[in-house]
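Data block below; observations after.
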Amino acid sequence: MKSCELFAEAKTLMPGGVSSPVRAIKPYPFYTARAGGSHLTTVDGRNLIDCCMAYGPLILGHAHPHIRSAIENRLADGWLYGTPSPLEPEFAQLITGDHPGMEMVRFVSSGSEATMAAIRLARGFTGKNDIVKIEGGFHGAHDAVLVQAGSGATTMGVPDSAGVLKDLVAHTRQVPYNDAEALETLLATNHDIAALIIEPVLGNIGPVLPDENYLSEIREITKTYGVLLILDEVITGYRLGIGGAQVMFGLRPDLTTLGKIIGGGLPIGAFGGRREIMELVSPAGPVYQAGTFSGNPLSLTAGIATLRWLHDHRSLYLKLAEKTRTIEESIGDYGTGSFVRLGSIFKYFFRASPPKNYREVKECDTEAFGKFWNRMMDREIFLPPSQFETNFLSAAHTEQDCTTIAQAYAQCR
Ligand SMILES: *Cc1c(COP(=O)(O)O)cnc(C)c1O
């Protein structure tokens, strides 16, 4: 069946025809038959250069042979035990070893689960009720953080969600990104704040990059007011480098959330932090958290294989940064927009200067982006279908891919 036929059927069976809102490309999404390296092959026979990479997890590219053989080798031993397995301490060693802010870790099955548990844990530890998030920051699709949550929510023009209790969201405060003063003012007047949860680089409306010193300032401010800093590294973890943003920017958060890359393409999440906080997680402590698929051997196997590969091929981060730089430079004169990149994440904003916060991101010309996105598709390049999503490159993108992408950008913007 062709994509349009599959979508017509899916729409009658699944809300909006999709399993996650951002995938509902108009008039209908393409359906992927298979993927390898930097390319997606659609059921309609198109072969697309993928700059979305499943929204972040696939830093090594699709169907990487090393990860694939690790998964295949694991299958013979079964793929779900419901008991501890030796993979857990092995993986925990790797992750705590890479992150200065993670002395202990709990594995879960998605990034949303990780942030949900981290927020509960912060409340349990501090005994306080409110949390602060950043306007336009995205931390998954659970109630406490579905306020001006970027990405799908922003694109759909639904900054909030039906079905979320007002009473609950009343405990979610917001401050603009890159505004340490706004945070300080809030913390000085509200003494019931358990935690600030923040993406170090706004990835779900961006990339929006931190001003110099912004992250170290918010670390100081949260420390001063006894507010926990939850660094949501679901995108940035192993994306900006080994140890993510906390290593890149020299931060020591109280809690960290991970997901995406650490599952090597299989579902995963993790949260971790200071030992005295993590010791409150059940069964060690009173903050309940549990999951049937938590720490499942297949996700951990793919994750371990990915992290070991990244450790053994550290230079790939430099090469990735080199590739996005080449793309930026090949585009040349920007015309009306602005190009933002950090390592392997990049985006062309339809706005004269790079946005610094959510308000500025919303000034982007989404109509121009829509036309641009279609022109890129005509050239067989798949970008995330929203002005509010980051583009991702992988180690599988070749120089030829990057040249093709750069030429297309120059022609289409
Ligand atoms: C993707 C993402 C999440 C949610 O992760 P899921 O695995 O989709 O639940 C949370 N935080 C950030 C920063 C993300 O990019």
Side-chain angles (χ1 to χ4, degrees), residues 18-23 52-59 99 101 106-120 122 131-155 161 172 174 177 195-210 215 229-240 244-246 248-249 251 253 255-272 289 291 293-296 299-300 302-303 306 342-345 347 358 361 384 386 388-392:
V18 291
S19 299
S20 195
V22 76
R23 299 179 199 166
C52 183
M53 302 313 286
Y55 298 91
L58 302 171
I59 192 166
H99 295 87
R106 163 67 55 92
F107 298 116
V108 294
S109 299
S110 70
S112 299
E113 229 185 312
T115 60
M116 189 171 72
I119 288 169
R120 182 183 301 155
I131 59 163
V132 184
K133 73 177 277 293
I134 301 294
E135 291 169 7
F138 179 73
H139 308 289
H142 56 91
D143 290 4
V145 290
L146 267 187
V147 195
Q148 293 188 20
S151 166
T154 299
T155 303
S161 166
T172 303
Q174 299 214 81
Y177 190 64
L196 165 69
I197 184 164
I198 179 171
E199 294 178 81
V201 173
L202 293 188
N204 289 275
I205 55 166
V208 178
L209 306 183
L215 294 173
L229 175 63
I230 306 174
L231 203 63
D232 184 355
E233 299 233 45
V234 171
I235 283 185
T236 50
Y238 295 95
R239 172 59 66 180
L240 300 186
Q246 53 197 269
M248 177 174 269
F249 296 103
L251 284 181
L255 291 170
T256 301
T257 52
L258 294 171
K260 300 203 165 110
I261 287 176
I262 66 160
L266 294 185
I268 204 160
F271 65 99
Q289 198 289 317
F293 298 105
S294 297
N296 79 79
S299 293
L300 263 50
T306 301
L342 180 64
S344 55
I345 59 181
K347 201 174 49 217
Y358 186 52
V361 165
S386 162
F388 307 114
E389 289 280 357
T390 298
N391 300 341
F392 295 97

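By convention here, the first residue in the shown sequence is residue 1. First listed ligand is number 1; within each ligand, the first listed atom is number 1. These figures come from a predicted structure and were not determined experimentally.
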Residue and atom name of the nearest protein heavy atom (relative to atom 11 (N) of ligand 1), distance in Å to one decimal = Asp232 OD2, 2.7 Å
Ligand-side contact atoms (ligand 1) for residue partner Ile235, heavy atom cut-off under 4.0 Å | 15 (O)
Atoms of ligand 1 close to His139 [distance to a heavy atom under 4.0 angstrom, numbered from 1] = 10 (C), 11 (N)
Counting from 1, what ligand 1 atoms have a heavy atom of Glu199 closer than 4.0 Å?
-> 13 (C)
So, is Asn204 polar-close to ligand 1, with some N/O to N/O distance under 3.5 Å?
-> yes
side-chain contact (heavy atoms from CB on, under 4.5 Å) between Glu199 and Tyr177, worked out | CA-CA 10 Å; Glu199 294 178 81; Tyr177 190 64; over 6 Å; no
Report yes if the side chains of Ile59 and Tyr238 come closer than 4.5 Å at any heavy-atom pair, otherwise no.
-> no
Atoms in ligand 1 with a heavy atom of Gly111 nearer than 4.0 Å = 4 (C), 5 (O), 6 (P), 7 (O), 9 (O)
Report yes or no: does Lys260 have a heavy atom closer than 4.0 Å to ligand 1?
-> yes
At their closest point, which heavy atom of Ile262 faces which heavy atom of Gly269, and how far apart are they?
-> CD1-C, 4.3 Å
Quick one: look up the protein heavy atom nearest atom 3 (C) of ligand 1 and list residue, atom name and how far away it is.
-> Val234 CG1, 3.7 Å
What closest approach, in Å, do Thr256 and Gly101 show between heavy atoms, and which atom pair accounts for it?
-> OG1-O, 4.3 Å
Determine the minimum heavy-atom distance between Lys260 and Val234, stating which atoms define it.
-> CB-O, 3.3 Å
No-hydrogen, no-angle side-chain donor-acceptor test under 3.5 Å, Arg120 and Gln289 = no
Under 4.0 Å from a heavy atom of Ser110: give me the atoms of ligand 1 that qualify, with their elements.
-> 7 (O), 9 (O)
Protein contact to atom 4 (C) of ligand 1 [nearest heavy atom, distance to 0.1 Å] = Ser112 N, 3.5 Å
Begin with the C-alpha distance, continue with both residues' side-chain angles, and end with the deciding distance and a verdict on side-chain contact (heavy atoms from CB on, under 4.5 Å) for Ile134 and Leu196.
-> CA-CA 8 Å; Ile134 301 294; Leu196 165 69; 4.2 Å; yes
